[in-house]
Amino acid sequence: MEHRLTNSEVAEILQRIADMLEIKGEVVYKSLAYRKAAQNIVGLGRDINEVWAEGKLRDIPGVGEALAKKLDELLRTGRLQYYEDLQEEIPDGVVSLLAIPEVGPKTAKLLWERLGAMSVADVERAAEAGRLRQLPGLGARSEQRILEGIRALNRRSSRISLGMAWPVAIELLDQLHQLQGVEKVSPAGSLRRMKATIGDLDLLAAARDGESVTAAFVRFPQVAEVVLQGPTKATVVLHNGLQADLRVLPRERWGSALQYFTGSKEHNVSLRGLAQARGLSLSEYGYRRDSEEILCPEEEDVYRLLGLPWIPPELREDRGEILAAEEGRLPDLVEVADIRGDLHSHTDWSDGVASVEAMAEGAEALGYEYLVISDHTRALGVANGLSPERFREQRKLIDRINARSRGFRLLQGCELEICADGSLDFPDEVLAQFDLVVASVHSGLRQEREKITERVLKAVRNPHVDVIGHLTGRLLGQREPSAVDVEAVLQEAARTGTAIEVNGIPDRLDLDDVHIQRAIELGVLLSIDSDAHSVEAFRAMSYGVATARRGWASAAQVLNTRSLHELQLWLRRRGGAS
DNA sequence: GCCGTTTTCGGCCCGACTGTTTTCAGTCG
């Protein structure tokens, strides 16, 4: 096989098939089935090629006989006849029209059949020429909306990182909370589930008079444009280009509303399935049994009526959390308060902006017991990597700071370069001098799978290496993850006891949630780090913790929830220095 | 196309908003 398809490539093909089936006008449940399977393949946590090789495709939820057969053909040959036949019937250009807001499968088909539109640009031209309003079911207003949709599409900067979205949302929620009659506010949607990237800001408010709240909301200074506005919801585009959706519900329906709008959609679908089995119908307004209404003022009420414990939002991706809740084996998720120290940080000795002293003070102010200063090693010239001699000097400074501090302790580490040629930047005798070593790849990220995997495995097997930093090297929206065989690294890390980092920098969040869940399954120890290059950047820890929670991690599985003493014991047993 | 303490066939979640509609279809989340 010339190219091994990744999970997301396979899922993408299934999603496109679903798109084409919708345009064809097939029964909706068929395309839903394709989408569900695609979702589960993305959330698999392991390489679908391996699942295929084991003959276990049918074990993937949502994959039945027909899909297993198609996936087998796709993974075996790299092609899928069914998909190619569909492409003959529905050109890719028609599918691409679905990217336009306001254009769904019905409209796409109409535009294609009646106007021959095969691209977004075709639709834009037709709309500008006033030809859309002549189509059945469309009028001048629809034409205008579609045109606006295309303009929004052209300027849309896709999804933004959680770290960018979160502060913006909190500010809007603060303003909402100050409005007359607003009793409660909360983030909802992917924001509340702490997904790595956020499409729209979903905001929720409890108030009796929704009309006045949405009216005030659309006049907030951050708002550039009002997309829609009604008595219970409003959608706006902010000056920074983000879209924000606000929903307003009365206080007595807060629980069901918050649950509903937090999603995920898949989680909610499964939940409604459970409700139905009990003769209940669930919506954002509460439960209904025939004509009787059951209100849920708190989110716990929604779950309790189904006999379930409250499920943390980070788990609500329909990746087994409902079954786990039913069986009483939901994980006790790690929290920011569990974190006792940070194992990865930089100072102005390499590419950080703060002094060792300032970083130490910052970490102590956060209530940490310890901080590992882990500046870059010499091979990373662009980051002013340090030589062994410079590290020895830095050690003296760290010793001095420790000598005058009480309770808090600095440890000296390094972020050891895993060089492109597969070597480690320092020999073992130098590595033995550090309290803790984080080893990371910063170069040769485009190497082929075997080569880059072998580099990382070498670091995992080195007894002086304690943590593998940002394993895949992905930068959200900028750089795809490297081809590294995550499964192989995780398995080896489970064997050697090496910790794998969950890097909290919002653009990284690496490992990602799906692989964290797999790491937990394999018993791999995690280290949640801020990788801070400044004092303010310590706060990235919270995004790292959120990502670990999304991967079902509990405190026991996270190295830096341990006390200084326990950490030092762990380091000593690993055979490194300290 | 999937799936089964209702079922191997017949279900498959629910509602807001908008526009072109004389009662509803399409899109979105």
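Just the heavy atoms: all of them, side chains too, but no hydrogens, waters or symmetry mates, feed the values below. Labels below follow one simple rule: chain letters A, B, ... track the order of the sequence lines, proteins then strands, and each chain is numbered from 1.
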Taking only the P atom of each, what is the distance from B/dT27 to B/dT20 in whole angstrom?
14 Å
Toward the 5' end of DNA chain B, which comes first, A/Leu67 or A/Leu98, by nearest nucleotide?
A/Leu67
Under 3.5 Å, is there a donor on one side chain and an acceptor on the other for A/Asp174 and A/Gln178?
no
How would you label the contact of A/Ser31 with the nucleic acid (heavy atoms, under 4.0 Å): base, sugar-phosphate, or nothing?
nothing
Say we look at B/dT21 and B/dC14: how far apart would their C1' atoms be, to the nearest angstrom?
22 Å
Whole angstrom is fine here: how far is it from CD in A/Glu284 over to C1' in B/dA16?
8 Å
Distance, rounded to the nearest Å, where A/Leu274 contributes CG and B/dT5 contributes C1':
13 Å
Sugar-phosphate, base or nothing in reach of A/Pro231, heavy atoms under 4.0 Å:
sugar-phosphate
Contact class for A/Arg133 vs. all strands (heavy atom < 4.0 Å): base, sugar-phosphate, or nothing?
nothing
Distance-only polar pair, side chains of A/Gln491 and A/Glu487, donor-acceptor under 3.5 Å
yes
Taking 4.0 angstrom as the limit, do A/Arg449 and A/Asp485 come out as a salt bridge?
yes
Looking at every strand, decide which applies to A/Thr107 at a 4.0 Å heavy-atom threshold: base, sugar-phosphate, or nothing.
sugar-phosphate
Just call it for A/Leu271: base, sugar-phosphate, or nothing, with non-hydrogen atoms closer than 4.0 Å on any strand.
nothing
Nearest to the side chain of A/Tyr82, which nucleotide is it out of B/dG1, B/dG29, B/dC28?
B/dG1
B/dC13 phosphate, OP1 or OP2: any side-chain N/O from A/Ser281 under 4.0 angstrom?
no
The side chain of A/Asp200 is closest to which nucleotide in this list: B/dG29, B/dG19, B/dA16?
B/dG29
So what does A/Leu282 touch, heavy atoms closer than 4.0 Å: a base, only the sugar-phosphate, or nothing?
sugar-phosphate
Under 30°, 30 to 60°, or over 60°: which ring-plane class applies to A/Tyr82 and A/Tyr34, parallel, tilted or perpendicular?
parallel
Paired nucleotide for B/dT8 [Watson-Crick or G-U wobble; both distances under 3.5 Å]
none
Touch class at under 4.0 angstrom, heavy-atom based, for A/Val103 against every strand present
sugar-phosphate
Select base, sugar-phosphate, or nothing to describe what A/Lys265 touches, counting heavy atoms under 4.0 Å on all strands.
base
Which of these nucleotides, B/dA16, B/dC14, B/dG19, is closest to any side-chain atom of A/Arg145?
B/dG19
For the side chain of A/Tyr260 and the base of B/dG29, is some donor closer than 3.5 Å to an acceptor across the two?
yes
Integer-rounded Å distance: B/dC9 C1' and A/Tyr29 OH:
15 Å
Interatomic distance, A/Leu57 CG vs B/dC2 C1' [rounded to whole Å]:
15 Å
Among the nucleotides B/dC14, B/dG1, B/dT27, whichever has the atom closest to the side chain of A/Arg272 is B/dC14
Got a second to check how far A/Leu522's CG is from A/Ile520's CD1, nearest 0.5 Å?
9.5 Å
SB check A/Glu143 A/Arg133 (cutoff 4.0 Å):
yes
Taking any heavy-atom pair under 4.0 Å as a contact, classify A/Ile100: base, sugar-phosphate, or nothing.
sugar-phosphate
Remember a base hit wins even if backbone is also touched, and classify A/Lys70 as base, sugar-phosphate or nothing at under 4.0 Å, heavy atoms.
sugar-phosphate
Most 5' of A/Gln276 and A/Gly230 on DNA chain B, judged by nearest nucleotide:
A/Gln276
Could you give the distance separating B/dT5 and B/dG1 at their C1' atoms, to the nearest angstrom?
24 Å
Looking at the side chain of A/Leu228, which of B/dC12, B/dG15, B/dC17 is the nearest nucleotide?
B/dC17
In whole Å, I'd like the distance from the CG atom of A/Asp19 to the P atom of B/dT27.
12 Å
Please, which pairs that meet ring pair (Phe, Tyr, Trp, His ring centres under 6.0 Å) have at least one residue in residues 184-223 of chain A, sequence neighbours excluded?
A/Phe217-A/Phe220
What is the distance, to the nearest angstrom, from the CD atom on A/Gln229 to the P atom on B/dG19?
13 Å
Counting only side-chain heavy atoms from C-beta out, which of B/dC17, B/dC14, B/dG1 sits nearest to A/Ala33?
B/dG1
Check the distance between B/dG29's P and A/Lys233's NZ and give it to me in whole angstrom.
8 Å
Say we look at B/dC2 and B/dT6: how far apart would their P atoms be, to the nearest angstrom?
23 Å
Rounded to the Å, how far apart are A/Glu22 CD and B/dC28 P?
10 Å
Taking only residues two or more places apart in sequence or in another chain, which ones pass side chain to side chain donor-acceptor pair (under 3.5 Å) with A/Glu50?
A/Arg46
B/dC13 versus B/dC28 - spacing of their C1' atoms, nearest Å
14 Å
How far, in whole Å, is B/dC12 from B/dT18 if one measures between their P atoms?
29 Å
Of the candidate nucleotides B/dA16, B/dG29, B/dG1, which contains the atom at the shortest distance from the side chain of A/Arg247?
B/dG29
What nucleotide, of B/dC17, B/dT20, B/dT27, holds the atom closest to the side chain of A/Ser142?
B/dT20
What does A/Ala18 touch in the nucleic acid at a heavy-atom separation under 4.0 angstrom: a base, only the sugar-phosphate, or nothing?
nothing
